[in-house]
Amino acid sequence: MNDSNNTIPLCFANTSTPFVYYPNGDVSYSATFSALGLTSNLIALIVLFKSFHQTLSRSRSFFLIFLCGLVVTDFMGLLVTGTVVLSFYVTRYDWRQIDPKCHLCNFMGMSMVFYGLCPLLLGATMAVERFVGINCPFARSTSVSKGRTFSMVLMVWFIAGCISLLPLIGFGSYHIQTPGSWCFINVSSERSDWVFALVFSLLGLTAIAVSILLNTVSVVTLIRVCCGPHRTQRRRDHEVEMMVQLLLIMAIATICWCPLLIYILVSAVMDSVKGEKTLSYIRMATCNQILDPWIYILFQVSHLRRVKNLYCSKCFLREWS
C-alpha cells in the first residue's frame, strides 16, 4: 500500500480536498460556455479593431489597446482551458494515468492562474490610465505613447505569467480538482501552498480595490467637468464612453471574482476547503470572460452620447431653475 502511494504523482496526491473522478458529467455546459465566450470575444475584437481605425482621439486609442489586450486574454483563456476540459469529457481520460509527471496538470493550473489574474491586473492598469488621463491630462499627453501602452499590457502579462510559474519552482502547487477535468491551486497547510494561495487571492483583491478607488475618483472628476461652469470648454464624449465601459468592466470583475478570491483567502487562513464550492466559484469567475466582450459591443459612443447629453441637460436646467 505504501509503495503504491509513493508512486502517485505529486499533483494527484495529498490534495487539500477529496478528489472524485467523474468523467460522465454533462458536457453541454462546458461546450455551450466555451462556444458562447469565444464567439463573443471574436465579435468584440472586430468591434474594437473598427473603433481603433476610426477614432481620432489619442486617449481613446490608448484605451482601445488595453481593451484589445483584455479581449485577447479572455479569448485565449477560454480557448486553452475550454480545450482541456472538453477533451476530458470527450475522451474520458484519467489524468492520473496519462499525465504521470503532472505536465498537463501544471499547464492547466498555470493557465487558470494566468488567465485569471490578467483581467484583474489589466482592469487596475486601465483604472490608473483613466485616472491620470482625466485628472492630469496635460502631463499624460506628453508621457504616454502607443508603444508605452503596448509595453504596459505586456508587463501585465509578464507579471501574471511569473506568478503562474511559481509552483514549478516549488512555491505552491497545482492539484487535480473534482471531477478530474481541471487543475488549480492547492490550498493546504503546507507553507508554500498557503503562501501561494494568499498571493493569488490578495493580488486579485488588491487589483479590484485599486480599480474601485481610482474609478470612483475619476467619475467624480468627470461629472464635475461635464456639468461644471466650464463644461463647454472641453468635449468629453469619448471619455464618458471609456469611463462607462471601465465601470462596467470593474463591476463585472468584482461580482464574478470576489467570491472565489475571498473563498481562497478564507480557506487558506482557516485551512478548510470544499471542492464543490471551488468549482462553483470557478464557474462564476469564468463568466467574466463571457460578459466582458458585450461591454465593448453594446456600449458604444453613439449610445452613450445620448445618455450623457440627457444627463448634462438636466444638470444645466437644475442650475438655472
Separation between OG1 of T81 and CE of M76, rounded to the nearest 0.5 Å: 10.0 Å

Pairwise side-chain contact, C258 with L205, heavy-atom cut-off 4.5 Å (strictly under): yes

Y296 and L70, any side-chain heavy atoms less than 4.5 Å apart: yes

ILVMFWY cluster, F158 and F171 together (side-chain gap under 4.5 Å): yes

ILVMFWY cluster, L154 and F63 together (side-chain gap under 4.5 Å): yes

Verdict with reasoning, M152 to I65, per side chain to side chain contact (heavy atoms under 4.5 Å, CB included): CA-CA 10 Å; M152 294 171 69; I65 293 175; over 6 Å; no

Single-linkage hydrophobic cluster, 4.5 Å side-chain cutoff, L165 and Y115 together: yes

L121 CG to W157 CH2 distance, which is reported to the nearest 0.5 Å: 13.0 Å

Listed partners of C105 passing disulfide (SG to SG under 2.5 Å), at least two apart: C183

Interatomic distance, L260 atom CG to N288 atom CG [nearest 0.5 angstrom]: 11.5 Å

Distance, nearest 0.5 Å, that separates CE of M243 from CG of L248: 10.0 Å

Beyond-backbone contact of D292 with V71, side-chain heavy atoms, under 4.5 angstrom: no

ILVMFWY cluster, L117 and I255 together (side-chain gap under 4.5 Å): no

Interatomic spacing from CG in L198 to CG in L265 - rounded to 0.5 Å: 6.0 Å

L67 vs I249, side chain to side chain contact (heavy atoms under 4.5 Å, CB included): CA-CA, chis, key distance, verdict: CA-CA 10 Å; L67 290 182; I249 291 172; 3.7 Å; yes

Rounded distance (nearest 0.5 Å) linking atom CD1 of I134 with atom CG of L222: 5.0 Å

Heavy-atom closest contact (A44 atom, P293 atom, distance): CB-CB, 3.4 Å

Same cluster (ILVMFWY, side-chain, under 4.5 Å), V132 and L213: no

